[in-house]
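Only one structure is covered here, and it is reproduced in the block below.
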Amino acid sequence: MDFVYNLVVVAHLLGMAAVVGGYAASQPRVSELMVWGARLQLLTGLALAGMASAIDSLDKEPDNAKLAVKLVIAVAVAGFAEVGRADAKRGKAVPWMTHAAGALAVVNVFVAALWQ
Ligand code: HEM
């Protein structure tokens with residue numbers, strides 16, 4: 001089960017690369033890559049949190065406060081990315097929404113790494 005968990009961690013890190021890298025490459029517009037990265041973060045993050053809590057053999061002790069903060073931020077990232085992408089498709093770029101999604105994704109990287 002460790003292997004499966006670690007594969008989901010890989011997907012989580014690739015999703016992070018898609019949101020942050022997509023933001024760096026496409027700002028001030030939201031790209032398709034950013035949106036898919038934001039969706040992947042929600043799915044893989046929830047899967048990791050669920051597995052870490054439910055599977056004893058993984059030997060994880062998830063910090064629920066940290067995960068709750070990450071979830072709220074990730075929902076905001078996905079929301080800004082979805083709405084920003086819909087606007088970009090209609091030819092109406094809303095730069096602040098792109099920057100909000102990109103910056104909040106970076107904030108979540110800080111939360112992931114610094115909140116011990
Ligand atoms: C934009 C959204 C997100 C970003 C950029 C992000 C970023 C990261 C990064 C860089 C790591 C690896 C560093 C570390 O292990 O401490 C990580 C790990 C983790 N993330 Fe996220 N995350 C996001 C959303 C979420 C969400 C919504 C959840 C669940 C509610 C979540 C749960 C986890 C868990 C459980 C780990 C630990 C994996 C391990 O066992 O090492 N993440 N995240």
Side-chain angles (χ1 to χ4, degrees):
M1 195 46 85
D2 276 27
F3 181 69
V4 175
Y5 182 86
N6 289 338
L7 277 184
V8 183
V9 173
V10 169
H12 198 62
L13 292 175
L14 291 176
M16 184 268 286
V19 190
V20 178
Y23 167 66
S26 72
Q27 56 92 13
R29 299 164 68 84
V30 174
S31 61
E32 207 66 32
L33 182 65
M34 258 183 99
V35 179
W36 279 104
R39 291 172 184 160
L40 191 61
Q41 285 315 83
L42 275 176
L43 285 176
T44 55
L46 287 172
L48 286 174
M51 289 169 85
S53 302
I55 303 171
D56 284 348
S57 65
L58 288 174
D59 213 17
K60 304 274 179 197
E61 278 175 28
D63 181 335
N64 289 328
K66 171 180 173 175
L67 293 179
V69 168
K70 285 190 74 180
L71 181 59
V72 169
I73 294 173
V75 167
V77 170
F80 284 129
E82 295 281 0
V83 176
R85 180 65 192 155
D87 285 340
K89 274 185 182 164
R90 278 189 259 109
K92 186 177 75 125
V94 186
W96 74 262
M97 229 179 259
T98 315
H99 295 309
L104 285 173
V106 172
V107 168
N108 245 1
V109 177
F110 276 91
V111 174
L114 299 182
W115 186 329
Q116 296 300 334

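Keep in mind the model is a prediction, meaning the values are calculated, not measured. Counting starts at 1 for both ligands and their atoms, following the listed order.
- The number of protein N/O/S atoms found under 2.8 Å from atom 21 (Fe) of ligand 1 is 2.
- Using a 4.0 Å cutoff on heavy atoms, Leu67 counts as a contact of ligand 1.
- The shortest heavy-atom contact between Leu104 and Phe80 is CD1-CE1, 3.9 Å.
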Distance-only donor-acceptor hits, side chain of residues 39-46, under 3.5 Å, sequence neighbours excluded:
{"residue": "Arg39", "atom": "NE", "partner": "Glu82", "partner atom": "OE2", "Å": "2.7"}
{"residue": "Arg39", "atom": "NH2", "partner": "Glu82", "partner atom": "OE1", "Å": "3.0"}
{"residue": "Arg39", "atom": "NH2", "partner": "Glu82", "partner atom": "OE2", "Å": "3.2"}
{"residue": "Gln41", "atom": "OE1", "partner": "Met16", "partner atom": "N", "Å": "3.3"}
{"residue": "Gln41", "atom": "NE2", "partner": "His12", "partner atom": "O", "Å": "3.2"}
{"residue": "Thr44", "atom": "OG1", "partner": "His12", "partner atom": "ND1", "Å": "2.8"}
{"residue": "Thr44", "atom": "OG1", "partner": "Leu40", "partner atom": "O", "Å": "2.7"}

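- For ligand 1, the atoms lying closer than 4.0 Å to a non-hydrogen atom of Lys60 are 40 (O).
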Apply side-chain contact (heavy atoms from CB on, under 4.5 Å) to Asn6 and Val10, showing your working. CA-CA 6 Å; Asn6 289 338; Val10 169; 5.7 Å; no

What do the steps show when you test Val4 against Met51 for side-chain contact (heavy atoms from CB on, under 4.5 Å), and what is the final call? CA-CA 10 Å; Val4 175; Met51 289 169 85; 3.9 Å; yes

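- With hydrogens left out, the protein atom closest to atom 37 (C) of ligand 1 is Tyr5 OH, 4.0 Å, a heavy atom.
- Put simply, atom 22 (N) of ligand 1 has protein non-hydrogen atoms near it, under 4.0 Å away.
- Between Met34 and Val19, the shortest heavy-atom contact is CG-O, 3.5 Å.
- Across all their heavy atoms, Ser31 and Gly22 have their closest contact at OG-O, 3.9 Å.
- Both Val8 and Tyr5 sit in one connected hydrophobic cluster of ILVMFWY residues. Membership requires side-chain heavy atoms under 4.5 Å apart, directly or through other members.
- Proximity of atom 15 (O) of ligand 1 to the protein is not indicated, since no non-hydrogen protein atom lies closer than 4.0 angstrom.
- Regarding atom 12 (C) of ligand 1, its nearest protein heavy-atom neighbour is Leu13 CD2, 3.8 Å.
- Looking at heavy atoms from C-beta onward, Trp115 lies out of side-chain contact with Lys70 at the 4.5 angstrom threshold.
- Between Leu67 and Pro62, the shortest heavy-atom distance links the atoms CD1-CB, 3.8 Å.
- Heavy atoms of Ala52 stay at 4.0 angstrom or farther from ligand 1.
- Those atoms of ligand 1 with a heavy atom of Ala105 less than 4.0 angstrom away are 5 (C).
- Summarising the geometry of Lys66 relative to Ala112, their closest heavy-atom pair is NZ-O, 3.0 Å, with the distance given to 0.1 Å.
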